[in-house]
Amino acid sequence: QVHLVESGGGLVQAGDSLRLSCAATGGTFSRLAVGWFRQAPGEEREFVSAISRTSNTFYADSAKGRFTISRDNAKKMVYLQMDSLNHEDTAVYFCAAVHTIITGFTRPSSMDTYNSWGQGTQVTVSS
């Protein structure tokens with residue numbers, strides 16, 4: 001079983017930056033692909049970014065050029081650096097993971113790809 005805990009959310013002003021962290025326990029971290037999703041009030045949960053076990057990265061159009069995903073296998077952590085935040089980035093951010101050593105990572109933007117989820121961290125961006 002893989003357990004995920006997000007941290008790093010908070011209240012910031014438009015144009016500011018935040019760095020979210022996803023800590024994983026259980027499983028074999030180096031074999032995990034990890035994705036970030038977010039859900040704003042009244043909206044559906046949507047894909048933000050993902051990173052494979054070999055550090056290939058994927059971004060939603062809304063995140064390209066502003067967000068950077070990375071991983072540190074020694075610390076068993078995945079990070080989402082968010083720059084130039086705007087009000088539309090306000091949401092609860094979730095990390096999710098799946099072992100891909102055998103299955104591969106062909107649909108990083110699909111929630112159905114992942115079988116472990118964190119409880120989320122709130123990001124609020126004021127105008």
Side-chain angles (χ1 to χ4, degrees):
Q1 296 182 345
V2 177
H3 300 278
L4 306 173
V5 179
E6 305 93 336
S7 62
L11 173 63
V12 298
Q13 298 185 81
D16 286 350
S17 298
L18 278 176
R19 187 195 194 196
L20 304 184
S21 298
C22 177
T25 57
T28 303
F29 186 82
S30 62
R31 298 180 179 180
L32 290 177
V34 178
W36 284 96
F37 294 78
R38 68 186 184 187
Q39 188 166 20
E43 303 290 336
E44 298 293 323
R45 190 169 299 185
E46 66 176 3
F47 171 75
V48 178
S49 184
I51 187 166
S52 75
R53 67 178 184 85
T54 55
S55 295
N56 291 324
T57 58
F58 308 85
Y59 297 95
D61 288 342
S62 61
K64 291 179 180 177
R66 298 190 301 128
F67 295 179
T68 303
I69 190 170
S70 62
R71 66 188 296 152
D72 186 333
N73 288 349
K75 296 181 178 179
K76 298 182 179 181
M77 299 282 285
V78 170
Y79 307 101
L80 184 66
Q81 177 68 40
M82 305 188 295
D83 298 324
S84 301
L85 288 165
N86 57 63
H87 188 261
E88 294 184 346
D89 295 315
T90 295
V92 176
Y93 284 70
F94 302 87
C95 64
V98 62
H99 282 98
T100 59
I101 187 65
I102 296 175
T103 60
F105 193 45
T106 59
R107 297 193 298 151
S109 64
S110 173
M111 291 187 292
D112 291 340
T113 292
Y114 308 90
N115 52 31
S116 298
W117 290 81
Q119 297 184 68
T121 184
Q122 176 71 49
V123 171
T124 303
V125 184
S126 62
S127 59

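These numbers come from the heavy atoms of this one structure, side chains and all, not from hydrogens, waters or symmetry mates. Since we're looking at a predicted model, the values are computed, not measured.
Taken from CE in Met77 to CG in Asp72, the straight-line distance is 8.5 Å, to the nearest 0.5 Å. In this structure, Ile51 CD1 and Phe105 CZ are separated by 9.5 Å, a value rounded to the nearest 0.5 Å. From Ser126, atom OG reaches atom NE2 of His87 across 8.0 Å, with rounding to the nearest 0.5 Å. Distance check: His3 NE2 to Gln1 CD gives 4.5 Å after rounding to the nearest 0.5 Å. How far OH of Tyr79 is from OG1 of Thr68: 14.5 Å, rounded to the nearest 0.5 Å. From Lys76, atom NZ reaches atom OG1 of Thr28 across 8.0 Å, with rounding to the nearest 0.5 Å.
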Give the intermediate values and the outcome of side chain to side chain contact (heavy atoms under 4.5 Å, CB included) for residues Leu20 and Gln81. CA-CA 6 Å; Leu20 304 184; Gln81 177 68 40; over 6 Å; no

What do the steps show when you test Arg71 against Ser55 for side chain to side chain contact (heavy atoms under 4.5 Å, CB included), and what is the final call? CA-CA 7 Å; Arg71 66 188 296 152; Ser55 295; 3.7 Å; yes

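A donor-acceptor pair under 3.5 Å links the side-chain atoms of Thr90 to the main chain of Val125, judged by distance alone.
Phe94 and Met111 fall within the same hydrophobic cluster, defined by Ile, Leu, Val, Met, Phe, Trp and Tyr side-chain heavy atoms under 4.5 Å apart, directly or through other members. Both Tyr59 and Val48 belong to a single network of hydrophobic side chains, linked directly or stepwise wherever heavy atoms of I, L, V, M, F, W or Y lie under 4.5 Å apart.
What you find for Ser17 and Asp83 is that their closest heavy atoms are OG-OD1, 2.8 Å. Summarising the geometry of Gln122 relative to Ala91, their closest heavy-atom pair is NE2-O, 3.5 Å, with the distance given to 0.1 Å.
Residue pairs that meet the disulfide bond (SG atoms under 2.5 Å apart) test with at least one member in residues 21-114, sequence neighbours left out, are Cys22-Cys95.
The cationic group of Arg107 does not satisfy the cation-pi geometry with Phe47, failing either the under 6.0 Å distance to the six-membered ring centre or the 45° limit from the ring axis.
Proximity of Ser49 to Phe67: side-chain heavy atoms (C-beta onward) are nowhere separated by under 4.5 Å.
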Donor-acceptor pairs are to be reported for all side-chain atoms of residues 30-42 against protein atoms at under 3.5 Å, with residues two or more places apart or in another chain.
{"residue": "Arg38", "atom": "NE", "partner": "Glu46", "partner atom": "OE2", "Å": "2.7"}
{"residue": "Arg38", "atom": "NH1", "partner": "Asp89", "partner atom": "OD1", "Å": "2.9"}
{"residue": "Arg38", "atom": "NH1", "partner": "Tyr93", "partner atom": "OH", "Å": "3.0"}
{"residue": "Arg38", "atom": "NH2", "partner": "Glu46", "partner atom": "OE2", "Å": "3.2"}
{"residue": "Gln39", "atom": "OE1", "partner": "Arg45", "partner atom": "NE", "Å": "3.4"}
{"residue": "Gln39", "atom": "OE1", "partner": "Arg45", "partner atom": "NH2", "Å": "3.3"}
{"residue": "Gln39", "atom": "NE2", "partner": "Glu43", "partner atom": "O", "Å": "3.2"}

Could you give the side-chain donor-acceptor pairs of residues 114-121 under 3.5 Å, partners two or more places apart or in another chain?
{"residue": "Tyr114", "atom": "OH", "partner": "Pro108", "partner atom": "O", "Å": "2.5"}
{"residue": "Ser116", "atom": "OG", "partner": "Val2", "partner atom": "O", "Å": "3.4"}
{"residue": "Thr121", "atom": "OG1", "partner": "Gly9", "partner atom": "N", "Å": "3.2"}

